[in-house]
There are 2 protein chains.
Amino acid sequence: MTVEERIRSDIEARVHSGEWRPGDRIPFEHELVASYGCSRATVSKALTRLARAGLIERRRKAGSFVADPQVHSAVLEVPDLAAMIAARGEAYCWKLLDRRVDGAELLVTGVHHAAGRPFCLETRTIFLAAVPEAGEESFDTVSPGSWLLGHVPWTRARHGIRAVEADAGQAALLEMAAGKACLLIERRTWRMDAPVTLVEQLFPGDRYDLVAEFRPGAS
Amino acid sequence: MTVEERIRSDIEARVHSGEWRPGDRIPFEHELVASYGCSRATVSKALTRLARAGLIERRRKAGSFVADPQVHSAVLEVPDLAAMIAARGEAYCWKLLDRRVDGAELLVTGVHHAAGRPFCLETRTIFLAAVPEAGEESFDTVSPGSWLLGHVPWTRARHGIRAVEADAGQAALLEMAAGKACLLIERRTWRMDAPVTLVEQLFPGDRYDLVAEFRPGAS
DNA sequence: CTGAATATTATGTCTAGACATAATCCAGAG
DNA sequence: CTCTGGATTATGTCTAGACATAATATTCAG
C-alpha cells in the first residue's frame, strides 16, 4: 500500500465512521506531512483525489474540510443487452423488424430476445451525418446497439426512464397483454455536440430490472 | 489554463475527434515532456487523470493507449424529492400515513405531494441499529428521506428500477386508476456494511421521469 | 469607527530528479 | 529449436523545494 493510499484510506475511515463530521476541518497539509513523514506533494495528491471524489472540500488559507453529504447520485450501468443476457446464461438473439432511410436518418426497429422470449422492443434513429458507415450496415444479425458500441465513440448521453403501458402493437411484439406496465428507456447520444443516435427501449415490467450501484468517494 | 489542463484537453480532443482511435498508442511521457516543455510529473498527472476517467489505458514499458469505448454507464441523479419539486416551482408537501416500530426497525409510510397532487408513495424501513436518533422523530412534517439526508452519512447504495401496475390501495392513495403503469424505485442504503434504510418509492408513470446524464471522461 | 493597504498563510501548480516495478526484448545455455 | 536470465525501458511513486494565488488577519490612514 502506497503512502498516498494510506493517507486517503485513513481520512476516509475517519469520515465514514463519523469521527470527523461534515464541516470539521481536517489536519493541514503540513501537519499530515509531519505525521506521515512524507513530502507535501504526496499529501496533496491524496487530498486532491479525496476532494475530486467529493469527500472533502479544500479552501485556500482556511484548510480542508469534510464535505456535506453529497446529493444522491448513482452510477447506472446500461450494459450492452447482448452481453448482459449472455452473462445470465441465456440465449440471445436480435430480430430486425424494419430498416429504412429517411433523409439523413436511418430508422431501425427490432426485438431483442432472451431465452427464446422477446425481451426488449427497440426503436432507433441513427443520424447518418455523424455515422455515415451505418448506412452500409443491414443490422439483420447484429443489433444497432452492439454495432455502434464498437464503431462510434460518444462523448455525452442522456437517459430518460419512464413507466408506460404497452399498446396493442407493442404488446403483440413482446408477446404480452396490452396495457401491461413496461419500463421505457430513452437514450440520446452525442459525439462532440453532434447527435449520434436516439433509441427507445421498451421492456416488459416483469422481465427487466435496472440496477444502479453507488459508492460515494469511490476513490 | 494550467499546463496539465492543456495536456489533458489536447489528448481528449484528439481521442474524441477520432484522430486517435481505440488501441492507438499516444505519445510516451518523455515525448510529451519534450513537446510541452514541462516536467514529467506534470505529464504524469495529466495521464493519471485521463486513465482514471477511463479515456486511456497505461501499460508499463509499453506506453499509454486509447482505451476501448467504455461500457455504457451513466450518473443517475436521485435528488431529494422536496428539493426537486421546489426547483420546479411547485408546492411540496409530505403526508405521513403510518409510523410504527417493529423490533429494531422503524416503518414509515407516506405520500409526497407536488402542486397539491400525490406524486410518490413511499414505504420506508429505517434500521434503528444504524440510526437510533430516528426513533425520536415523528416524521409528520418532514419526510424521512430529507431527514436522513442531513443526519446519516451513507457509504453505499443500491437502486433497483422496475415498472409495475398499481394495485387498488396504491392507486387510491396516488389518486389514479388501478392497474396503471408506475415506476418503482427501490433503494437500499448502507453505512460501513450496516443497513441504514430501505425505501420503495412508487411514482405514477406519467408524473415522473427519471433522468440520467453522462459525460465519459468527465475530468 | 471605517476602509484600504499590507502581511500572513494554506492551498495550487510546478520542477528536476530519484528509485521501484513490471513488461518486454534479446542473448546465450541447453 | 526452446527456455531462462539479464538488460532495457516506460510507467508508478516519491522527495524537497520553488513560486503563484487566494483568502484571511492585521495595521494604518483618514
Side-chain angles (χ1 to χ4, degrees), chain A residues 1-15 19-68 70 216-219, chain B residues 1-15 19-68 70 216-219:
Chain A
M1 195 187 238
T2 66
V3 179
E4 189 218 323
E5 275 178 316
R6 224 170 62 230
I7 298 174
R8 251 191 299 124
S9 64
D10 285 357
I11 294 175
E12 275 173 6
R14 281 188 164 83
V15 171
E19 183 183 336
W20 292 344
R21 304 184 60 79
D24 287 358
R25 188 178 62 71
I26 73 174
F28 290 126
E29 295 191 358
H30 65 82
E31 293 172 326
L32 293 170
V33 163
S35 61
Y36 285 92
C38 66
S39 79
R40 219 196 104 208
T42 305
V43 166
S44 185
K45 197 175 170 192
L47 295 189
T48 298
R49 200 156 145 189
L50 288 173
R52 275 190 58 73
L55 198 75
I56 65 171
E57 197 187 326
R58 304 175 82 184
R59 287 206 294 275
R60 274 189 161 110
K61 157 79 182 172
S64 298
F65 299 80
V66 177
D68 284 324
Q70 302 116 48
S219 28
Chain B
M1 195 186 238
T2 66
V3 179
E4 189 218 323
E5 275 177 315
R6 223 171 63 232
I7 299 174
R8 249 190 301 126
S9 65
D10 285 357
I11 294 174
E12 275 173 7
R14 282 189 165 82
V15 171
E19 182 182 338
W20 291 346
R21 304 185 58 80
D24 286 359
R25 189 178 62 70
I26 73 173
F28 290 124
E29 295 191 358
H30 66 83
E31 294 172 326
L32 293 171
V33 163
S35 60
Y36 284 91
C38 65
S39 79
R40 218 197 104 207
T42 304
V43 166
S44 185
K45 196 175 170 191
L47 296 188
T48 298
R49 200 155 145 188
L50 289 173
R52 276 189 56 76
L55 197 77
I56 65 170
E57 197 186 326
R58 304 175 80 184
R59 286 205 295 275
R60 274 188 160 111
K61 157 77 185 173
S64 298
F65 299 80
V66 178
D68 285 325
Q70 302 116 47
S219 26

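Naming convention: chains lettered A, B, ... in sequence-line order (proteins, then strands); numbering from 1 in each chain. As the structure is a computational prediction, the values presented were derived from the model and not from experiment.
Applying the salt bridge (Lys or Arg N to Asp or Glu O under 4.0 Å) test to A/E57 and every residue at least two apart in sequence or in another chain returns A/R59. Not counting sequence neighbours, the partners of A/R40 by the side chain to side chain donor-acceptor pair (under 3.5 Å) test are A/E29. For B/R60, there are no salt bridge (Lys or Arg N to Asp or Glu O under 4.0 Å) partners at least two apart in sequence or on another chain. Residues passing the side chain to side chain contact (heavy atoms under 4.5 Å, CB included) test with A/T2, sequence neighbours excluded: A/E4, A/E5.
For B/E29, the listed nucleotide lying nearest its side chain is D/dG12; candidates were C/dT11, C/dC14, D/dG12. Distance from the side chain of B/T2 is smallest for C/dT13 among the nucleotides D/dT11, D/dC14, C/dT13.
Of the side-chain N and O atoms in B/S44, none sit less than 4.0 angstrom from OP1 or OP2 of D/dT11.
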Quiz: residues 20-28 of chain B side-chain donor-acceptor pairs under 3.5 angstrom, not counting sequence neighbours:
unit_1	atom_1	unit_2	atom_2	d
B/D24	OD2	B/R21	N	2.8

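In this structure, the NZ atom of B/K45 is 15 Å from the P atom of D/dC14, given to the nearest Å. The CZ atom of B/R58 sits 13 Å away from the P atom of D/dA10 (whole-angstrom rounding). The separation between B/Y36 atom OH and C/dT15 atom P is 13 Å, rounded to whole Å. Going from atom CZ of B/R49 over to atom P of D/dG12 covers 17 Å, rounded to whole Å. In this structure, A/I56 atom CD1 and C/dA10 atom P are separated by 16 Å, rounded to whole Å. Between B/E4 atom CD and C/dG12 atom C1' there is a gap of 11 Å when expressed in whole angstrom units. One can place CZ of B/F28 at 11 Å from C1' of D/dT11, the figure rounded to the nearest angstrom. Straight-line distance from the CZ atom of B/R52 to the P atom of D/dG12: 13 Å, rounded to whole Å.
Within 4.0 Å of B/T48, counting heavy atoms only, lies no atom of the nucleic acid at all.
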Please list each protein N or O that sits under 3.5 Å from an N or O in nucleotides 16-23 of chain C, with the distance.
unit_1	atom_1	unit_2	atom_2	d
C/dT21	O2	B/R60	NE	2.9

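The nearest heavy atom of DNA chain D to B/H30 and to A/E5 marks one nucleotide each, and the one closer to the 5' end goes with B/H30.
Of all non-hydrogen atoms in B/G54 and B/A67, the two that sit nearest each other are O-CB, 3.4 Å.
The side-chain heavy atoms of B/R58 and B/L50, taken from C-beta on, include no pair separated by under 4.5 Å.
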